[in-house]
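Just so you know, ligand 1 is whichever comes first in the structure, and atom 1 is the first atom listed for that ligand.
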Amino acid sequence: MKFTKNTQALFYNLKPHPLQQMLDFDYLCERATPSVAGIIHPGKSSFHKAFFGAREIIIPIYPTIQEAARKQPQAEVLINFASFRSAYQATKEALFEPTINTIVIVAEGVPERQSRELIALAKQQQKLLLGPATVGGIAAGAFRLGGYAGGMPENLIRAKLYRPGSIGLVSKSGGMMNELFNIIARVTDGIKEGMAIGGDLFPGSTLLDHLLRFEQDPEIKLMVCLGELGGKQENNIAEAKKAGRITKPLVMWVSGICADIFPWEAQFGHAGAKAGKEEESAAAKNQALREAGIMVPESFEELEPLLHQQHQQLVAAGRIVPREELSPPALPKNYEEALREGSIRKATSFITTISSEEKGEQAYAGVPITRVLAEEHPLGSAIGLLWFKKKLPAYFTTFLEKCIVLTADHGPAVSGAHNAIVAARAGKDVISSLCSGLLTISPRFGGALDDACRYFKEAKETGKTPSQFVEEMKQKGIPIPGIGHRVKSKRNPDKRVTLLKEFAVQHFPTPYLSYALEVEKITLQKAENLILNVDGCIAAIFLDALASCPAFGKEEIGQIIEIGYLNGLFAVARSIGLVGHILDQKRLKQELYRHPSEDIFYLKDSLFEK
Ligand code: ACO
Ligand code: LMR
């Protein structure tokens with residue numbers, strides 16, 4: 001199996017990070033096509049977005065290996081990220097797919113019995129298995145088997161893995177393979193192919209299997225193999241050398257010589273790294289390899305100079321022709337990473353001054369919510385902080401809470417409640433029905449508060465008498481916001497207004513309320529329902545509360561009135577009642593409402609025809 005710039009893989013299990021690592025390697029190698037052709041995510045059929053350089057690409061997701069192989073027959077490799085519980089089944093299925101001839105089993109902990117069965121099956125199918133428990137491998141400048149061989153992009157570049165060299169490397173350990181990538185890049189023209197077979201006792205392919213593959217690759221001029229104590233793989237290499245099956249220069253090292261200083265059998269990191277017998281010790285293996293004619297340094301530290309020497313000899317003999325060193329394309333950084341590093345900057349899209357997180361706790365205008373909750377009037381305090389960015393005095397927070405309680409509902413007949421109820425009975429969900437009610441708030445219903453503020457403030461501050469103000473509004477044909485009610489009147493006063501007036505006069509001066517009441521005296525002369533309604537009453541008292549609070553300067557008050565805070569207060573309050581009506585209707589399982597036709601006057605156009 002040769003890995004080229006056109007080799008493509010299927011990826012078993014959606015693991016975005018290693019998958020992106022493969023694609024980033026593709027980009028560094030300047031591949032024309034991504035190396036991942038499809039993803040198998042059992043039971044899912046969709047797609048995954050990933051980067052190919054700076055460009056986003058779509059990778060199809062298939063529910064089964066069979067479907068993926070059928071749809072992507074050019075994909076010859078399966079990178080199997082199944083867990084140790086399902087790696088066997090997935091690998092077995094893949095081995096029977098004619099288009100898949102290499103399988104990388106990443107999982108650690110695959111039972112030995114399953115590994116041995118898969119090895120036998122792979123041999124029978126003449127397919128290449130890498131792993132279990134491997135990071136995979138790399139065909140430099142061409143294809144990355146898995147997402148972790150070679151390490152992070154910086155290491156891929158440092159080890160010059162983005163272009164092919166002349167060295168074939170095989171190791172049991174993935175970490176040591178990555179370390180050797182750097183050593184080899186320092187003293188030779190770099191890696192052509194590097195493979196980590198994993199540290200299990202029964203690897204899908206052995207160190208010798210890959211050395212024999214390297215023997216078949218004309219671009220590999222020098223082979224490097226890193227073994228470990230335990231097992232017989234390295235001895236088999238010595239035998240193969242003696243038998244003439246290995247002809248290319250081979251530099252080897254068996255790690256684990258420190259095991260000899262332990263007075264007991266030391267089990268090293270890998271499952272297979274335990275010398276059961278003397279001949280399986282690192283020292284014995286290194287000696288056996290030397291006796292077979294393989295180049296083995298006296299220590300791991302001497303591996304690098306030996307490699308350098310061997311490489312120089314091959315260059316001098318013309319067996320390795322140094323190539324011009326080209327730099328890889330710069331891999332685009334992920335946005336979050338670049339932002340974190342400070343290598344890019346972006347103007348923020350939003351500004352907030354009212355909300356933050358203080359030591360893991362939400363804060364309103366910098367006040368942690370635990371402190372807000374501990375206030376005497378927590379709801380009024382929360383509004384004070386989030387709307388006004390101020391810690392309002394008790395009379396103000398009390399006023400706000402009274403407004404909310406008193407305007408929370410006014411029965412099902414009012415237009416907002418009616419529409420919310422009709423929507424609920426039409427089967428709309430709570431939020432949609434609530435929106436239906438809230439969207440009814442208007443200059444005539446529940447939405448006159450801000451205009452009442454503006455008109456009362458302007459009239460009073462410009463010295464208009466109430467009668468001048470009323471007359472002016474009449475001349476303009478504008479109904480005075482905050483005046484008038486459909487059912488409340490002088491004889492049927494609005495209790496809400498009564499209660500708010502009583503509170504206000506007891507807690508702060510009320511010049512604006514007095515002004516509004518003078519206006520009411522005049523409008524009542526016209527009709528008894530032209531009372532100061534709850535919108536107007538709240539508006540006038542709000543102006544008094546602001547004027548009484550030293551925390552608010554004239555300019556800020558002007559800004560508050562210009563923006564208009566009070567219609568929002570009504571919406572917050574009335575949402576409580578609207579949700580109540582919606583829930584009531586749903587509990588009652590009320591059917592669709594249809595207005596009775598007899599209650600509709602069908603005005604014929606003919607009436608207007610002269
Ligand atoms: N200012 C001056 N004159 C008024 C006002 C007003 N706010 N409201 C009604 N009038 C006059 C009308 O001009 C009309 O006079 P006309 O007969 O000379 O034409 C007469 O009173 C009757 O007008 P209608 O609109 O039929 O009276 P209605 O009782 O139906 O009006 C309403 C009630 C819609 C609330 C009205 O008073 C109004 O629009 N007010 C201003 C908006 C407002 O404050 N809404 C809040 C209501 S309370 C709440 O929603 C919680
Ligand atoms: C309300 O608070 O909704 C009412 O005062 C308005 C109305 O139409 O009764």
**Study point:** Residues E471 and Q475: side-chain donor-acceptor under 3.5 angstrom
**Key:** yes
Check your understanding: At the 4.0 Å heavy-atom cut-off, does V534 count as touching ligand 1?
Key -> yes
Check your understanding: For ligand 2, does R444 get within less than 4.0 Å through its side chain, its backbone, both, or neither, judged by non-hydrogen atoms?
Key -> neither
Check your understanding: Looking only at non-hydrogen atoms, which of D535, I480, L449 approaches atom 49 (C) of ligand 1 most closely?
Key -> D535
Practice item. Please check if any side-chain donor atom of T397 sits under 3.5 Å from a side-chain acceptor atom of E375, or the reverse. Key: no
Check your understanding: Cut-off 3.5 Å, side chains only: do K391 and S381 have a donor facing an acceptor?
Key -> no
Check your understanding: Protein heavy-atom contact under 4.0 Å for atom 1 (N) of ligand 1?
Key -> yes
Check your understanding: In terms of side-chain heavy atoms, does S489 have a donor or acceptor partner in N492 at a distance below 3.5 Å?
Key -> no
Review point. Which one holds for H410 and ligand 2: side chain close, backbone close, both close, or neither close, with close meaning a heavy atom under 4.0 Å?
Key: side chain
Point to revise | Protein heavy-atom partner closest to atom 26 (O) of ligand 1 - residue, atom, separation in Å | key: R486 NH2, 4.6 Å
Practice item. Of the side chain and backbone of K488, name the one, both, or neither that has a heavy atom under 4.0 Å from an atom of ligand 2. Key: neither
Check your understanding: For the residue pair F399 and F508, does the interplanar ring angle fall in the parallel (under 30°), tilted (30 to 60°) or perpendicular (over 60°) class?
Key -> perpendicular
**Study point:** Subset of ligand 1 atoms that lie under 4.0 Å from at least one heavy atom of G446
**Key:** 49 (C), 50 (O)
Exercise for review: Heavy-atom distances under 4.0 Å are what count here, so tell me which part of K474 touches ligand 1: side chain, backbone, both or neither.
Suggested key: neither
Check your understanding: Charged N to carboxylate O under 4.0 angstrom, E458 versus K464?
Key -> yes
Review point. Do I478 and ligand 1 have an N or O pair less than 3.5 Å apart?
Key: no
Check your understanding: E502 and Q506: side-chain donor and acceptor closer than 3.5 Å?
Key -> no
Review point. Quick one: does atom 37 (O) of ligand 1 have a protein heavy atom under 4.0 Å from it?
Key: yes
Exercise for review: May I ask whether atom 5 (C) of ligand 1 is less than 4.0 Å from at least one protein heavy atom?
Suggested key: yes
Exercise for review: Check whether any protein heavy atom sits under 4.0 Å from atom 13 (O) of ligand 1.
Suggested key: no
Review point. Is there a protein heavy atom at a distance of less than 4.0 Å from atom 23 (O) of ligand 1?
Key: no
Point to revise | Contact atoms of ligand 1, heavy-atom distance to H485 under 4.0 Å | key: 29 (O), 48 (S)
Check your understanding: Under 4.0 Å between a Lys/Arg side-chain N and an Asp/Glu carboxylate O for E472 and K476?
Key -> yes
**Study point:** Between S35 and D26, a side-chain donor and acceptor under 3.5 Å
**Key:** yes
Check your understanding: Among protein heavy atoms, which sits nearest to atom 15 (O) of ligand 1, and what does the distance come to when rounded to 0.1 Å?
Key -> K526 NZ, 3.3 Å
Review point. Parallel, tilted or perpendicular for F396 and F552, by the 30°/60° rule?
Key: tilted
Practice item. Identify, for atom 8 (O) of ligand 2, the protein heavy atom at the shortest distance, and state residue, atom and that distance. Key: V414 CG1, 3.8 Å
Review point. N/O of R444 under 3.5 Å from N/O of ligand 1, yes or no?
Key: yes
Revision key, fill the gap. A student checking ligand 1 against F445 at a 4.0 Å heavy-atom cut-off should list atoms 50 (O)
Exercise for review: Report yes or no: does H410 have a heavy atom closer than 4.0 Å to ligand 1?
Suggested key: no
Point to revise | ligand 1 contact on L530 by region, counting heavy-atom pairs under 4.0 Å | key: side chain
Study note, to complete from the structure: Candidates D494, V519, N529, D451; heavy atom nearest atom 27 (O) of ligand 1 found on N529
**Study point:** Under 3.5 Å: N/O of G482 near N/O of ligand 1
**Key:** yes
Practice item. May I ask whether atom 51 (C) of ligand 1 is less than 4.0 Å from at least one protein heavy atom? Key: yes
Check your understanding: Is the shortest N/O to N/O distance between A448 and ligand 1 below 3.5 Å?
Key -> no
Check your understanding: Between K457 and Y512, is NZ or CZ placed under 6.0 angstrom from the six-membered ring centre and within 45° of the ring axis?
Key -> no
Exercise for review: Check each atom of ligand 2 against the heavy atoms of R496 and keep those under 4.0 Å away; list them by number with element.
Suggested key: 1 (C), 2 (O), 4 (C), 5 (O)
Exercise for review: Give a yes/no on ligand 1: does P443 have at least one heavy atom closer than 4.0 angstrom to it?
Suggested key: yes
**Study point:** Location of contacts on N533 toward ligand 1, heavy atoms closer than 4.0 Å
**Key:** side chain
**Study point:** Per-atom contacts, ligand 2 versus H485 - under 4.0 Å to a heavy atom
**Key:** 4 (C), 5 (O), 6 (C), 7 (C), 9 (O)
Check your understanding: Between Y62 and Q72, is any side-chain donor less than 3.5 angstrom from a side-chain acceptor?
Key -> yes
Review point. Would you say the side chains of R574 and H410 form a donor-acceptor pair under 3.5 Å?
Key: no
Check your understanding: Looking only at side chains, do Q8 and T33 share a donor and an acceptor under 3.5 Å apart?
Key -> no
**Study point:** Exercise: do T91 and N80 side chains pair donor with acceptor under 3.5 Å
**Key:** yes
Check your understanding: Have S356 and E358 got a donor and an acceptor in their side chains that come within less than 3.5 Å?
Key -> yes
Check your understanding: Is atom 32 (C) of ligand 1 in close reach of the protein, with a heavy atom under 4.0 Å away?
Key -> no
Practice item. Take K71 and E67 through the test salt bridge (charged side-chain N to carboxylate O under 4.0 Å, His left out) and record every step on the way to the result. Key: CA-CA 6 Å; K71 293 280 182 64; E67 184 173 341; 3.3 Å; yes
Practice item. Do me a favour and list the nearest non-hydrogen protein atom to atom 35 (C) of ligand 1 with residue, atom name and distance? Key: G484 O, 3.7 Å
Review point. Would you call K490 and E528 a salt bridge, taking side-chain N to carboxylate O under 4.0 Å as the test?
Key: no
Exercise for review: Answer yes or no: does an N/O atom from I483 fall short of 3.5 Å to an N/O atom of ligand 1?
Suggested key: yes
Check your understanding: Just checking, any donor-acceptor pair under 3.5 angstrom between side chains of Y593 and H418?
Key -> no
Exercise for review: For atom 3 (O) of ligand 2, find the nearest protein heavy atom and state the residue, atom name and distance (0.1 Å precision).
Suggested key: R574 NH1, 2.7 Å
